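Have a look at the structure below before the remarks.
Predicted, not measured: the structure shown is a model, and the values here were computed from it. By convention in this document, chain letters (A, B, ...) are assigned in the order of the sequence lines, proteins followed by strands, and residues within each chain are numbered from 1.
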Amino acid sequence: MSDTAIVASGSSPYESSSALVRAASAVKNRLVIIVPYLWLLVFFLVPFIIVFKISLSQSAISMPPYTPALDLSGGIGGFWTLIKQLSFDNYVWLTQDALYFNAYVSSLTIAAISTVLTLIVGYPIAYGMARAPATLRPTLLMLVILPFWTSFLIRVYAWIGILKPEGLLNQLLQGLGLINEPLIILNTHTAIFIGIVYSYLPFMILPLYSALEKMDYSLIEAAQDLGCRPIGAFWKVTFPLSIPGVVAGCLLVFIPVVGEFVIPDLLGGSQTLMIGRTLWNEFFNNRDWPVASAVAIILLMVLVVPIMFFQHVQARSQEQGR
Amino acid sequence: MNSSWSRFNVTSIVLGFAFLYLPIVLLVVFSFNESKLVTVWGGFSTKWYGSLFQNKGLMDAAWVTARVALISATVATVLGTLAALTLTRYTRFRGRVLFSGMVFAPLVMPEVITGLSLLLLFVAVGLDRGFLTVTLAHITLTMCFVAVVVQSRLLTFDRSLEEAAMDLGAPPVKTFFQITFPVILPAIISGWMLAFTLSLDDLVIASFTSGPGATTLPMKIYSQVRLGVTPEINAACTILIAVVAIGVIAASVVNKQREVQRLRDEQAAQRG
């Protein structure tokens with residue numbers, strides 16, 4: 001870098017034109033930043049402010065179905081009346097009805113359990129891939145990514161046919177004579193766990209694999225030469241070194257699963273309580289937009305810590321990649 | 001010894017891939033089932049594909065979905081590539097933390113939140129829900145995925161190539177298109193494909209932001225799935241899977257050929 005800089009500054013006849021170019025490029029550089037920046041501001045950040053605003057309004061039978069809140073057209077004079085109009089009724093309502101509290105708790109529990117399950121299922125696969133012959137690894141990687149490209153909805157749908165009482169799994173188990181009565185799996189928590197582990201497995205495997213693949217395996221040999229048993233070497237050397245992958249994978253699974261809608265809706269049956277589904281029902285079935293907004297705001301508040309942690313992890317891995 | 005291909009490793013990979021692929025394989029197999037019962041094999045038949053193409057609602061939805069995916073993936077690729085350039089090249093500017101936050105957050109943000117918030121934005125500005133709003137929503141979601149894919153390629157890019165071109169007098173834009181762009185092109189292509197398939201697959205955000213006349217294929221499939229599993233849906237899913245699989249495999253073959261060609265060129269350059 002420094003060598004090329006010296007060469008560049010030595011070429012004096014081009015200096016004035018390069019100053020022009022630099023000025024022009026400064027504007028273009030700004031454009032590179034400004035265009036995506038503005039887009040995300042308008043379509044990602046501003047909508048959250050609107051959701052917050054509407055969560056403080058009251059539902060009404062009109063289109064759109066809520067009363068205006070924080071309408072700033074009244075100027076400074078109208079500001080105080082606006083503040084008085086704000087209603088926290090929706091939030092009070094959420095705390096009074098046990099349904100919502102239970103839905104949040106149950107979503108967090110289901111997400112936590114299924115994240116651990118996904119880790120347990122994903123780790124051996126990622127480990128096996130990382131230790132595979134180097135020539136095979138790109139193919140294996142591609143095979144993990146490929147299901148991720150096929151529709152989420154389709155992959156969840158595929159499990160309905162397998163898990164139904166008269167479905168393929170029960171047919172197989174009954175055909176083998178292992179069970180007499182069909183197992184009831186569909187519309188239970190078990191079905192949700194299977195669906196989540198299955199759908200989110202690539203998100204867990206990919207960061208685990210990239211952590212495990214970079215690892216220096218001579219460390220394990222060293223541990224074993226020094227008398228460590230394979231299992232001990234795994235817990236003392238391999239696992240600690242793969243922690244960044246474990247953290248990234250768990251966050252990539254946990255955060256979206258808390259708000260998951262499709263899996264509990266299709267595999268969980270009517271009695272399953274998850275907050276993503278509650279929000280959906282408030283919005284589409286009850287048409288109560290302010291309550292749906294309040295549900296979304298609280299969900300966001302619950303997830304803000306894990307999301308910021310995820311960004312921190314992303315930023316750090318980016319620094320290391322530099 | 002960098003790889004130990006032990007029995008444990010082979011077993012876990014085989015079981016893992018069986019778990020990942022068996023449900024999809026079964027779905028495809030039963031789309032060729034003669035019987036109307038999805039789970040009982042009644043002989044080979046392609047009749048469900050025939051009835052699929054006569055289902056006007058499904059065909060209309062497929063056409064809407066294809067247009068939304070094409071437009072949103074293309075715009076998202078441009079915006080996502082710009083975002084990736086910003087993230088890797090401009091390490092210091094005001095609001096950078098906010099920017100990287102806005103790029104990474106949508107990757108994990110529950111879809112119900114993104115969907116609801118975008119819908120409320122469209123209602124607030126008085127935009128009628130329909131084709132345009134779904135497309136805008138998909139651009140916003142998928143540009144972040146494009147940004148991550150392109151960014152990971154840019155991080156490993158040797159910047160001295162760009163510096164060399166600039167030192168030789170190439171203006172920045174020309175440098176970008178002649179040096180940077182060809183190198184990151186594979187990442188841009190896979191970013192586009194990822195954006196395309198994400199848009200093709202999305203149910204939740206589309207349900208919130210779509211309006212009458214802009215029902216997408218996943219919305220149509222979802223409403224039929226709720227009524228029960230049918231071989232016709234299996235057939236529709238199989239076609240979608242085939243389209244995506246062919247695209248992904250073709251892209252990876254092309255990428256591989258480019259890679260081989262590049263290595264050959266490099267070797268030739270070293271010899272010459």
So which part of [X] gets closer than 4.5 Å to some heavy atom of chain A, the side chain, the backbone, both or neither?
X: B/L154; value: neither
X: B/L136; value: both
X: B/M143; value: side chain
X: B/L26; value: side chain
X: B/L27; value: side chain
X: B/T197; value: side chain
X: B/L240; value: side chain
X: B/V103; value: both
X: B/L119; value: side chain
X: B/T81; value: neither

Using non-hydrogen atoms and a 4.5 Å limit, figure out which bit of [X] sits close to chain B: side chain, backbone, both or neither.
X: A/F152; value: backbone
X: A/I49; value: neither
X: A/F284; value: side chain
X: A/F310; value: side chain
X: A/L300; value: both
X: A/L40; value: both

(message) When you measure from the side chain of B/Y21 to the backbone of A/L143, do you find a donor-acceptor pair of N or O atoms at a distance under 3.5 Å?
(response) yes
(message) Main chain of A/I33, side chain of B/Y90: is a donor-acceptor contact present, judged purely on distance under 3.5 Å?
(response)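 No, the answer is negative, given that no donor and acceptor are paired below the 3.5 Å cut-off.
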(message) Determine whether A/L251 and B/V108 satisfy the following criterion, side-chain contact (heavy atoms from CB on, under 4.5 Å), listing intermediate values before the conclusion.
(response) CA-CA 8 Å; A/L251 288 170; B/V108 288; over 6 Å; no
How far apart are the closest heavy atoms of [X] and [Y], and which atoms are they?
X: B/G95; Y: A/Y37; result: O-OH, 2.7 Å
X: A/I125; Y: B/I13; result: O-CG1, 4.2 Å
X: B/L120; Y: A/S293; result: CD1-OG, 3.5 Å
X: B/C237; Y: A/I154; result: SG-CG1, 3.5 Å
X: A/P47; Y: B/S117; result: CB-O, 3.3 Å
X: B/L116; Y: A/A292; result: CD2-O, 3.7 Å

(request) Anything under 30° is parallel, anything over 60° is perpendicular, the rest tilted; go ahead and classify A/W159 against B/F19. (result) tilted
In terms of heavy-atom pairs under 4.5 Å with chain A, which of [options] leads?
options: B/S207, B/A124, B/G16; answer: B/S207
options: B/I24, B/V14, B/L198; answer: B/I24
options: B/I139, B/L168, B/T114; answer: B/I139
options: B/L200, B/L15, B/V244, B/L20; answer: B/L20
options: B/L85, B/L194, B/I221, B/V78; answer: B/L194
options: B/I241, B/L203, B/L141; answer: B/I241

(request) For A/M142, look at atom CE and say whether over 12 heavy atoms of other residues, nucleotides or ligands are found less than 6.0 Å away. (result)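 More than 12 within 6.0 Å, yes.
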Do [X] and [Y] have side-chain heavy atoms sitting under 4.5 Å apart?
X: A/Y127; Y: B/S12; result: no
X: B/P110; Y: A/L303; result: yes
X: B/V204; Y: A/W280; result: yes

With a 4.5 Å cut-off on heavy-atom pairs, point out which of [options] contacts chain B the most.
options: A/V253, A/V257, A/D265, A/V295; value: A/D265
options: A/P202, A/P124, A/P306; value: A/P124
options: A/L153, A/V121, A/I145, A/V46; value: A/L153

(request) Quick one: do A/V144 and B/F17 satisfy side-chain contact (heavy atoms from CB on, under 4.5 Å)? Show the steps, please. (result) CA-CA 8 Å; A/V144 169; B/F17 283 113; 3.7 Å; yes
(request) Start with the C-alpha distance between B/M109 and A/F48, add both sets of side-chain angles, then the distance that settles side-chain contact (heavy atoms from CB on, under 4.5 Å), and finish with yes or no. (result) CA-CA 12 Å; B/M109 187 65 70; A/F48 286 126; 3.9 Å; yes
Any chance you could measure [X], atom [atom1], to [Y], atom [atom2], to the nearest 0.5 Å?
X: A/L146; Y: B/I249; atom1: CG; atom2: CD1; result: 6.0 Å
X: B/M102; Y: A/L45; atom1: CE; atom2: CG; result: 6.0 Å
X: A/I255; Y: B/L107; atom1: CD1; atom2: CG; result: 10.0 Å

(request) Using the side-chain contact (heavy atoms from CB on, under 4.5 Å) rule, take A/Y157 and B/Y222 through it: C-alpha gap first, then chi angles, then the decisive distance, then the call. (result) CA-CA 9 Å; A/Y157 164 78; B/Y222 173 72; over 6 Å; no
(request) Verify the ring-centre separation between A/F283 and B/F208: is it less than 6.0 angstrom? (result) yes
